[in-house]
Amino acid sequence: MRKRIANSLIVSLVILASGSAIAGEVRGMKGMAMDAPAGQAEMTHVTRGVVKKLEKESAKVTLKHEPVASLNWPAMTMGFLMRDKTLLDGLVEGETVEVEFVREGKAYVITAVK
């Protein structure tokens with residue numbers, strides 16, 4: 001019983017400390033290196049995904065994207081910041097898009113939408 005309570009407490013603390021993926025930060029998943037190796041922060045990554053949510057005021061988009069081989073990421077749903085708010089123009093929830101993105105600090109920022 002004590003072990004179950006301790007595990008529940010640990011899980012709760014991890015969830016509270018992890019922040020929000022929608023805010024542009026990525027929560028790690030088992031087996032995934034979420035911190036880019038030195039020099040990889042400037043690397044451009046490409047993926048395709050379905051637009052799940054648009055936040056035009058804060059220039060954010062949530063994508064359900066395919067795996068990203070250059071980062072060794074599996075498919076997942078996560079939030080991205082947009083480098084330029086005009087990149088949101090014409091995007092529609094439910095639409096499939098291809099995006100290019102880079103890491104800026106702890107956030108992943110979309111630099112191009114195709």
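- When every heavy atom of Leu81 is checked against every heavy atom of Ser58, the shortest pair comes out as CD2-O, 4.5 Å.
- In terms of heavy atoms, Lys60 sits closest to Leu88 at O-CD2, 4.0 Å.
- With rounding to the nearest 0.5 Å, the separation of CD in Glu100 from CZ in Arg83 is 10.5 Å.
- Here the closest heavy-atom approach between residue Val113 and residue Met82 is recorded as CG2-CE, 3.9 Å.
- From Met76, atom CE reaches atom CG of Leu63 across 11.5 Å, with rounding to the nearest 0.5 Å.
- With rounding to the nearest 0.5 Å, the separation of OH in Tyr108 from CZ in Arg103 is 4.0 Å.
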Go through His65 and Trp73 one step at a time and tell me if the side chain to side chain contact (heavy atoms under 4.5 Å, CB included) criterion holds.
-> CA-CA 10 Å; His65 66 76; Trp73 285 359; 3.9 Å; yes

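- Judged by distance alone, with hydrogens and angles left aside, the side-chain atoms of Thr96 form no donor-acceptor pair with the main-chain N or O of Val50 at under 3.5 Å.
- Within the model, atoms OG1 of Thr62 and CE of Met78 stand 9.5 Å from one another, a figure rounded to the nearest 0.5 Å.
- Scanning both residues, Phe101 and Val46, for their nearest heavy atoms gives CE2-N, 4.3 Å.
- At least one donor-acceptor pair under 3.5 Å links the side chain of Lys85 to the backbone N or O of Glu57.
- When all heavy atoms are compared, the tightest approach of Thr47 to Glu66 is OG1-O, 3.1 Å.
- The shortest heavy-atom contact between His45 and Ser70 is ND1-OG, 2.6 Å.
- Rounding to the nearest 0.5 angstrom, the gap separating the CZ atom in Phe80 from the CD1 atom in Ile110 is 5.5 Å.
- Residue Lys56 holds its NZ atom at 7.5 Å from CG of Leu91, rounded to the nearest 0.5 Å.
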Could you go step by step and tell me if Leu54 and Glu93 meet the side chain to side chain contact (heavy atoms under 4.5 Å, CB included) rule?
-> CA-CA 7 Å; Leu54 296 169; Glu93 288 183 15; 4.3 Å; yes

